[in-house]
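I have placed the structure first, in the form of structure tokens, so that the comments after it can refer back to it.
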Protein chains: 2
Amino acid sequence: MNYQKYVQMLKAMADPNRLKIIDLLSCGSLCACDILEHFDFSQPTLSHHMKVLQTADIVAARKEGKWQHYTLRAEFIATFKQDTARLLASDQRCVCHTNACQECVSGKAVITNEET
Amino acid sequence: MNYQKYVQMLKAMADPNRLKIIDLLSCGSLCACDILEHFDFSQPTLSHHMKVLQTADIVAARKEGKWQHYTLRAEFIATFKQDTARLLASDQRCVCHTNACQECVSGKAVITNEET
DNA sequence: TTATAATATAGATCTCTATCTATGTAAGCG
DNA sequence: CGCTTACATAGATAGAGATCTATATTATAA
């Protein structure tokens with residue numbers, strides 16, 4: 001689990017406007033001008049948000065003529081779901097990834113699964 | 001899907017220290033002093049982070065003598081997983097929740113599932 | 001080539017937030 | 001009671017980030 005990458009994704013998602021952009025893109029690819037229609041902020045602000053989403057590897061861009069088409073990355077969807085599942089694993093096994101958990105070290109946590 | 005609540009959870013999680021706290025708590029309940037041992041920041045800073053996590057309904061606190069015991073809320077785990085799954089639904093159906101998606105309105109998105 | 005349309009970049013500003021020190025509160029102990 | 005321990009609150013500060021206006025870039029069309 002790539003802690004840093006997961007935090008970067010969370011940060012990129014933790015803005016209502018960017019979350020809405022991700023939601024819009026879950027319908028399929030859109031160009032910048034189409035996305036912009038759904039918001040009140042300016043075009044440079046959208047450009048900024050799209051850059052944040054690209055830097056976090058959430059969104060991919062491909063240029064076609066004058067237009068920039070944005071798409072949700074399949075790898076982001078898979079990675080984010082997987083990391084979330086691991087962080088919030090609901091089985092009894094301690095899944096702390098910090099390597100600093102006293103519970104894990106002391107064995108107080110219920111570890112029921114010996115594989116891996 | 002409660003958009004605002006989901007954003008609040010994402011914001012609370014989108015800090016490396018708070019994410020580590022969540023990870024530590026996935027091993028089971030811990031008191032503030034135990035959590036603090038895993039970090040370099042001051043006690044008031046931890047107090048601040050715990051408040052953010054409580055306000056987002058990620059963590060529950062119960063006082064026992066001098067100690068504050070913190071636990072991950074089961075409802076948070078369920079809600080966050082569910083909202084994430086809905087946002088990033090991998091089927092072909094458009095799952096945009098913004099009520100503003102032109103793709104959805106125009107029917108360009110592939111809607112394969114007619115149940116609700 | 002000139003004009004227009006789509007997008008990016010630069011720089012400024014204002015708000016939010018993570019952190020600190022200092023202090024307050026509350027519980028247990030001698 | 002006074003002391004210590006565990007935690008919260010208040011207030012200040014420094015850095016990050018969301019937004020804007022102005023301008024640059026790139027592509028197409030007339």
Side-chain angles (χ1 to χ4, degrees), chain A residues 3-25 28-71 98 102-103, chain B residues 3-25 28-71 98 102-103:
Chain A
Y3 231 82
Q4 267 193 301
K5 194 71 199 175
Y6 189 54
V7 170
Q8 188 186 24
M9 288 176 174
L10 286 168
K11 271 191 180 162
M13 297 170 75
D15 173 275
N17 290 321
R18 284 197 296 264
L19 189 64
K20 185 173 168 182
I21 292 171
I22 292 173
D23 207 347
L24 288 168
L25 290 177
S29 295
L30 290 172
C31 74
C33 56
D34 286 339
I35 297 174
L36 190 58
E37 283 181 357
H38 298 109
F39 296 94
D40 290 329
F41 52 62
S42 64
Q43 174 268 322
T45 298
L46 176 66
S47 205
H48 160 74
H49 285 312
M50 297 318 295
K51 194 157 195 174
V52 172
L53 291 171
Q54 287 178 79
T55 303
D57 291 325
I58 290 177
V59 160
R62 72 167 197 288
K63 192 157 194 174
E64 212 167 273
K66 288 186 293 187
W67 293 274
Q68 274 285 12
H69 290 268
Y70 294 107
T71 318
T98 63
Q102 296 272 339
E103 302 285 321
Chain B
Y3 232 81
Q4 267 192 302
K5 193 72 200 176
Y6 188 54
V7 171
Q8 189 186 25
M9 287 175 175
L10 286 168
K11 270 189 182 165
M13 297 170 74
D15 173 274
N17 291 320
R18 284 196 296 264
L19 188 65
K20 184 172 167 180
I21 292 170
I22 293 172
D23 207 347
L24 287 168
L25 290 177
S29 295
L30 289 173
C31 73
C33 55
D34 285 338
I35 297 173
L36 191 57
E37 282 180 0
H38 298 109
F39 296 95
D40 291 328
F41 51 63
S42 65
Q43 174 268 320
T45 298
L46 176 65
S47 204
H48 160 71
H49 285 312
M50 296 318 295
K51 194 158 197 174
V52 172
L53 291 172
Q54 286 178 81
T55 304
D57 290 326
I58 290 177
V59 159
R62 73 167 199 286
K63 191 155 192 175
E64 214 169 272
K66 287 186 293 184
W67 291 275
Q68 275 285 14
H69 289 268
Y70 295 107
T71 318
T98 64
Q102 297 270 342
E103 303 285 319

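These numbers come from the heavy atoms of this one structure, side chains and all, not from hydrogens, waters or symmetry mates. Bear in mind that the values here come from a model prediction, so they are computed numbers and not experimental data. Order of the sequence lines sets the chain letters (A, B, ...), proteins ahead of strands, with each chain counted from 1.
Residues meeting the side chain to side chain donor-acceptor pair (under 3.5 Å) test with B/S47, sequence neighbours left out: none. For B/T71, the side chain to side chain donor-acceptor pair (under 3.5 Å) partners at least two apart in sequence or on another chain are B/S29. Under the rule for a side chain to side chain donor-acceptor pair (under 3.5 Å), the partners of B/E64 that lie at least two apart in sequence or sit in another chain are B/R62. B/F41 is linked by a ring pair (Phe, Tyr, Trp, His ring centres under 6.0 Å) to B/F39, B/H49, counting only residues two or more places apart in sequence or in another chain. Among residues two or more places apart in sequence or in another chain, the salt bridge (charged side-chain N to carboxylate O under 4.0 Å, His left out) test is passed with A/K51 by none. Taking A/Y70 as the reference, nothing meets the side chain to side chain donor-acceptor pair (under 3.5 Å) condition, with sequence neighbours excluded.
Non-hydrogen atoms lying under 4.0 Å from DNA chain D are contributed by A/G65, A/K66, all within residues 58-68 of chain A.
If you walk DNA chain C from 5' to 3' and mark each nucleotide with an atom closer than 4.0 Å to a heavy atom of chain B, the marks span C/dA18 to C/dG28.
Between the side chain of B/H48 and the main chain of B/P44, no donor-acceptor pair closer than 3.5 Å is present.
Rounded to whole Å, atom C1' of D/dA8 lies 13 Å from atom CG of B/L36.
In terms of heavy atoms, B/L19 sits closest to B/M13 at CB-O, 3.7 Å.
At a threshold of 4.0 angstrom between heavy atoms, the contacts of A/F39 with the nucleic acid are absent.
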- List the protein contact pattern of nucleotides 9-20 of chain D with one symbol per nucleotide (5' to 3'): B for base contact, S for sugar-phosphate-only contact, - for none; contact means a heavy-atom distance under 4.0 Å. B--------SBB

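Pairs passing the side chain to side chain donor-acceptor pair (under 3.5 Å) check and including a residue from residues 7-17 of chain B, sequence neighbours excluded, read B/K5-B/Q8.
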